[in-house]
Amino acid sequence: QVQLVESGGGLVQPGGSLRLSCAASGSVFKFDVYSMGWYRQAPGKQRELVAESPGGNINYAASVKGRFMISRDYAKNEVHLQMNSLEPEDTAVYYCHIAVIQRGELRQRFDYWGQGTQVTVSL
C-alpha cells in the first residue's frame, strides 16, 4: 500500500494564505507515479478536483485558478498546494491524491488518498 500524510491545514481569515503539504511513503517506490494532486470536499458536496499534476502538466479548478499553486518534488514523492486569497467558499477537507502504475506487463493503475486536512476560512 501507499500512505499519504497531509499537513498544513488550519483556520485562516478571508484573504489569508495556507500551504498544504503531502508526502507519499510505503510501497510507493514499487510503482511508477502517474500523478499527484489535491481534491476537496465540503459537507453535503461532492469531492472535487482542486489541482492535479500528471507529469509536467497542471490542471486547476476554475474556482482556484490564479489563487492556488501546485508544485511537486518528484524525487521525494511530495506535492504541495500554496493557497492565497482564501475565501469562505474554500472551506473544506482537502485530500491528497496519488495515482500510481504497477510495474509489469499489465500496468494496472491504483489510486490512493490521504485522510484529509481541514481548511477553514472564516472571520
Problem - Cluster check V93, L86: I/L/V/M/F/W/Y, side chain < 4.5 angstrom - result: no
Exercise for the section: Report yes or no: does Y60 contribute a side-chain atom to a donor-acceptor pair with the main-chain N or O of G66 at less than 3.5 Å? Expected result: no
Problem - Nearest non-hydrogen partners of S53 and Y74, listed with the distance - result: OG-OH, 4.1 Å
Practice task
Check H80 against S21 and note the closest heavy-atom contact, atom names and distance.
Solution key: ND1-OG, 2.9 Å
Practice task
Can you establish whether the number of heavy atoms outside E48 located under 6.0 Å from its atom CD is more than 12?
Solution key: yes
Exercise for the section: Check S17 against Q82 and note the closest heavy-atom contact, atom names and distance. Expected result: CB-NE2, 4.0 Å
Practice task
Check whether V119 and I70 end up in the same hydrophobic cluster, where Ile, Leu, Val, Met, Phe, Trp and Tyr are linked by side-chain heavy atoms less than 4.5 Å apart.
Solution key: yes
Practice task
State, with a plain yes or no, whether a side-chain heavy atom of Q118 is found less than 4.5 Å away from one of T91.
Solution key: yes
Practice task
Locate the shortest heavy-atom distance separating S85 from D90; write the atom from each residue and the value.
Solution key: O-OD2, 4.4 Å
Handout entry: Point-to-point distance, once rounded to the nearest 0.5 Å, from CD1 of I98 to CD of E78
Key = 11.0 Å
Handout entry: Nearest-0.5 Å distance that lies between atom CE in M36 and atom CG in D73
Key = 10.0 Å
Exercise for the section: Could you tell me the separation between the CZ atom of R109 and the CG atom of D32, rounded to the nearest 0.5 Å? Expected result: 13.0 Å
Problem - Minimum-distance pair of heavy atoms, taken over all atoms of A92 and Q41 - result: CB-O, 3.5 Å
Completion exercise
Here the gap from L81 atom CG to R19 atom CZ, rounded to the nearest 0.5 Å, amounts to 9.0 Å
Handout entry: Linked, directly or transitively: V12 and V50 (ILVMFWY side chains, under 4.5 Å)
Key = yes
Fill in the blank from the handout: Between A61 and L49 the two heavy atoms that sit nearest each other are CB-O, 3.3 Å
Exercise for the section: Tell me who clusters with L106, hydrophobic residues only, linked when side chains sit under 4.5 Å apart either directly or through other members. Expected result: none
Completion exercise
Partner of N77 under side chain to side chain contact (heavy atoms under 4.5 Å, CB included), picked from V33, V100, L4, V2, is V33
Practice task
Check the surroundings of atom OH in Y34: do more than 12 heavy atoms from other residues, nucleotides or ligands lie under 6.0 Å from it?
Solution key: no
Problem - Spacing of CG belonging to L20 relative to CD belonging to E6, to within rounding of 0.5 Å - result: 8.5 Å
Problem - Hydrophobic cluster identity match, F29 and V79, side-chain contacts under 4.5 Å - result: yes
Exercise for the section: Using the ring-ring contact (aromatic ring centres under 6.0 Å, His included) rule, pick out the option among W38, Y39, Y112 that qualifies with H97. Expected result: Y39
Exercise for the section: May I ask you to decide if R40's main-chain N or O and R47's side chain share a donor-acceptor pair within less than 3.5 Å? Expected result: no
Exercise for the section: Please check if M69 and M83 belong to a single hydrophobic cluster, counting links between Ile, Leu, Val, Met, Phe, Trp and Tyr side chain heavy atoms closer than 4.5 Å. Expected result: yes
Practice task
Quick one: pull up OG1 in T117 and CG in L18 and give me the separation to the nearest 0.5 Å.
Solution key: 8.5 Å
